[in-house]
Engineer: 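Please see the structure below; I have some questions.
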Amino acid sequence: MIEGPVSPIRLGLKQSLKDLHYVVWGMLFVGFILPFFIVVLTNHRPPDADFAEFYGLGRILNEYTPHDLYNYDLQRRICEQIHPRIGGYGPLPYPPFVGLFFRPATLLPYWMAYTLWVLASLALYGVGLRMAIARFLPKEPAATQSLIYALAYAYFPFIAYTAGNGQLAAVGFFAVALALQEDERGALLSSGLALSLCLYKPTILILILPMLLVTRRFKVLTGFGLGALLLFLITIPFEGFAVWPDFFRTILSFGASSVGVTNHSILPLEKYADLTSFSSHLQGGRSPVGIAVFLCVSLAALAALVRLWWMARRHGAAYNDFLWAATLTWTLLLNVYVPLYDSILVVLSILITFAATRNVAGPAVRRWLTATWILILVCSWLSVPLSRSTGIQCMTLLFASLGILQLVCLSQAASQEALIPHEK
């Protein structure tokens with residue numbers, strides 16, 4: 001069969017995409033990645049790494065008893081010995097298996113272990129992107145897929161706060177992408193097992209687990225429970241049972257201090273994206289009126305989500321994919337602890353939304369969504385300085401805009417029965 005001639009406009013668009021993805025990759029490599037690794041390898045020292053916290057947990061387990069793992073004075077002293085930094089270190093409310101995982105890393109010099117973890121973060125993020133693109137955008141041209149990779153890596157909270165600081169957020173991104181891939185394959189237990197990897201930071205699951213419950217995804221929840229039990233049991237031979245009560249006491253104390261229940265939050269709120277931090281940082285946000293507005297917005301969004309979750313069984317796979325996107329976006333907002341490095345989940349939400357709205361949203365909504373995605377990428381490089389000077393975290397507002405647009409699209413799709421229902 002002889003193919004017809006390709007439109008010159010289409011050829012021009014493909015060439016423009018190809019040129020653009022080269023430009024973005026080049027700017028990212030020359031402007032950030034290369035200088036960053038030159039600094040680390042030359043000085044044998046990260047510029048400012050949260051990785052010292054995980055390295056410190058591993059070192060405590062190697063040099064002290066498991067009962068000392070959540071001794072804050074010891075945590076702070078060890079981390080300062082590993083990597084002194086301005087502002088010091090707060091309590092480390094990570095589960096015991098995180099310290100167990102990083103114990104082997106302490107056999108290496110700190111800068112070498114840090115560099116390897118940065119490379120691992122880049123790889124985990126890339127694999128997660130690959131699974132998401134193969135799942136939701138499999139027919140996109142190679143140039144378009146490469147541009148998606150480049151723009152995703154250029155999202156500042158990933159390259160600076162996640163990879164650069166040696167944080168664990170790439171693990172969560174990879175786990176959610178893997179869960180979605182396994183869900184599509186019908187391997188529901190494996191999907192739940194993948195989600196259990198997010199237990200390194202339980203707040204990531206604050207809406208995902210309720211969504212699975214309301215949508216009656218019981219096999220996925222069973223897989224998650226098995227994964228959680230496995231992570232719990234793995235720690236017992238190495239750290240004993242008593243380390244878990246210590247962990248829960250630490251996380252409850254840290255939660256009260258970080259949210260600011262009885263006093264001001266101990267966190268640098270300009271680096272947090274959730275609505276709790278936004279209201280705490282905003283002038284007058286902790287006043288009775290401010291708290292009332294915060295609660296009304298949160299409850300309205302949660303009610304809309306629950307309603308859409310409940311209707312999921314009436315609709316097809318496209319609706320359920322879109323529901324994941326909205327849930328991930330609102331996870332970043334209806335939460336108590338979402339540092340900007342965890343906001344890389346919005347990249348996955350945007351990819352799903354980009355694929356889903358082709359068949360659901362009208363041109364006007366797609367234009368609004370496109371404008372929102374561009375602003376999220378651009379403002380990610382400016383959000384912390386702007387927040388420090390204005391007291392307003394623009395990323396929170398942009399995530400809320402994206403989440404509202406997603407809820408509108410889902411409501412329209414549900415009311416118009418635009419998506420194919422599941423067969424009964």
Side-chain angles (χ1 to χ4, degrees), residues 51 53-62 65-70 92-107 113 116-117 120-121 123-125 127-128 131 167-252 254-255 324 327-328 331 337 342 345 348:
F51 182 72
E53 298 173 347
F54 312 118
Y55 191 90
L57 290 175
R59 184 166 154 184
I60 290 172
L61 287 176
N62 281 339
T65 66
H67 183 69
D68 293 315
L69 186 61
Y70 295 104
L92 308 182
Y94 297 98
F97 56 79
V98 172
L100 186 63
F101 178 82
F102 281 100
R103 284 184 73 173
T106 61
L107 301 176
L116 290 175
W117 181 246
S121 296
L124 285 169
Y125 191 57
V127 173
M131 289 189 291
Q167 269 292 342
L168 303 181
V171 176
F173 185 92
F174 169 83
V176 175
L178 179 59
L180 288 168
Q181 175 185 271
E182 294 304 293
D183 184 77
E184 183 197 23
R185 293 176 177 176
L188 301 184
L189 286 176
S190 297
S191 178
L193 283 169
L195 281 178
S196 69
L197 295 175
C198 294
L199 283 169
Y200 75 90
K201 181 171 282 186
T203 48
I204 293 175
L205 301 165
I206 199 167
L207 291 183
I208 293 175
L209 293 182
M211 179 194 71
L212 294 174
L213 182 62
V214 174
T215 56
R216 285 86 86 192
R217 307 301 297 275
F218 298 122
K219 285 188 178 179
V220 180
L221 285 170
T222 300
F224 172 82
L226 290 173
L229 179 62
L230 182 62
L231 289 172
F232 172 76
L233 293 176
I234 284 173
T235 63
I236 301 301
F238 298 95
E239 303 173 21
F241 178 80
V243 72
W244 283 99
D246 291 340
F247 162 67
F248 287 115
R249 281 193 293 270
T250 297
I251 200 171
L252 289 174
F254 179 81
W324 265 98
T327 301
L328 289 174
T331 293
Y337 184 77
D342 282 332
L345 286 174
L348 191 54

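All heavy atoms count here, side chains included; hydrogens, waters and symmetry mates do not. Sequential numbering from 1 along the given sequence is applied to the chain's residues.
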Engineer: Where do L197 and A175 come nearest, in terms of heavy atoms and distance?
Structural biologist: CB-CB, 3.8 Å

Engineer: Is any side-chain heavy atom of L57 closer than 4.5 Å to one of E53?
Structural biologist: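 In short, these two side chains do not touch, never coming nearer than 4.5 Å.
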
Engineer: Start with the C-alpha distance between D183 and R217, add both sets of side-chain angles, then the distance that settles side-chain contact (heavy atoms from CB on, under 4.5 Å), and finish with yes or no.
Structural biologist: CA-CA 10 Å; D183 184 77; R217 307 301 297 275; 2.3 Å; yes

Engineer: Please evaluate residues W324 and V176 with respect to the criterion side-chain contact (heavy atoms from CB on, under 4.5 Å), reporting the C-alpha separation (whole Å), side-chain torsions for both, the decisive distance (0.1 Å), and the verdict.
Structural biologist: CA-CA 10 Å; W324 265 98; V176 175; 4.2 Å; yes

Engineer: Say you draw a straight line from CG of L328 to CE of M211; how long is it, rounded to the nearest 0.5 Å?
Structural biologist: 7.5 Å

Engineer: What are the two closest non-hydrogen atoms of A177 and G128, and how far apart are they?
Structural biologist: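 In terms of heavy atoms, the two residues are closest at CB-O, 3.6 Å.
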
Engineer: On a heavy-atom basis, which atom in Q167 and which in W117 lie closest, and how many Å separate them?
Structural biologist: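 Minimum heavy-atom separation between Q167 and W117: O-NE1, 3.1 Å.
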
Engineer: Can you tell me how far OG1 of T106 sits from CG of N62, rounded to the nearest 0.5 angstrom?
Structural biologist: 3.5 Å

Engineer: Grab the two heavy atoms, one from T331 and one from T327, that are nearest each other, plus how far apart they are.
Structural biologist: OG1-O, 2.7 Å

Engineer: Taking the side chain as everything from C-beta on, heavy atoms only, tell me whether K201 gets closer than 4.5 Å to L168.
Structural biologist: no

Engineer: Measuring from atom CG of L213 to atom CG of L209, what distance do you get when rounded to the nearest 0.5 angstrom?
Structural biologist: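 Output value for this atom pair is 9.0 Å.
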
Engineer: Any side-chain heavy atom of F102 within less than 4.5 Å of one from R59?
Structural biologist: no

Engineer: Looking at every heavy atom in both L205 and L195, which two are closest together, and how far apart are they?
Structural biologist: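 Reported closest heavy-atom pair: CD2-O, 4.1 Å.
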
Engineer: Starting at CZ of F224, measure out to SG of C198 and round the result to the nearest 0.5 Å.
Structural biologist: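 Between F224 CZ and C198 SG, I get 8.0 Å after rounding to 0.5 Å.
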
Engineer: side-chain contact (heavy atoms from CB on, under 4.5 Å) for M131 and L180? Distances and angles first, verdict last.
Structural biologist: CA-CA 9 Å; M131 289 189 291; L180 288 168; over 6 Å; no

Engineer: Measure the acute angle between the ring planes of F54 and Y94, then classify it against the limits of 30° and 60° as parallel, tilted or perpendicular.
Structural biologist: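 Correct class here is perpendicular.
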
Engineer: Counting C-beta onward and ignoring hydrogens, is there a side-chain heavy-atom pair between F173 and L124 closer than 4.5 Å?
Structural biologist: no

Engineer: Between F101 and Y200, is any pair of side-chain heavy atoms under 4.5 Å apart?
Structural biologist: no

Engineer: Considering all heavy atoms of both residues, which atom of A169 and which atom of D342 are nearest to each other, and what is their separation?
Structural biologist: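 Closest approach of A169 to D342, heavy atoms only: CB-OD1, 3.5 Å.
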
Engineer: If you measure from CZ on F97 to OG1 on T235, what distance do you get to the nearest 0.5 Å?
Structural biologist: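 The distance works out to 8.5 Å.
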
Engineer: Apply side-chain contact (heavy atoms from CB on, under 4.5 Å) to residues I204 and L199 and explain how you reach the verdict.
Structural biologist: CA-CA 8 Å; I204 293 175; L199 283 169; over 6 Å; no

Engineer: CG of L188 to CG of L221: how many Å apart, nearest 0.5 Å?
Structural biologist: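 If I round to the nearest 0.5 Å, the distance is 10.5 Å.
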
Engineer: Report yes if the side chains of L69 and E239 come closer than 4.5 Å at any heavy-atom pair, otherwise no.
Structural biologist: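 L69 reaches E239 side chain to side chain.
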
Engineer: For V243, does its backbone N or O pair with a side-chain atom of Y70 as donor and acceptor, under 3.5 Å?
Structural biologist: no

Engineer: Parallel, tilted or perpendicular for F247 and W244, by the 30°/60° rule?
Structural biologist: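 Aromatic pair F247/W244 classed perpendicular.
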
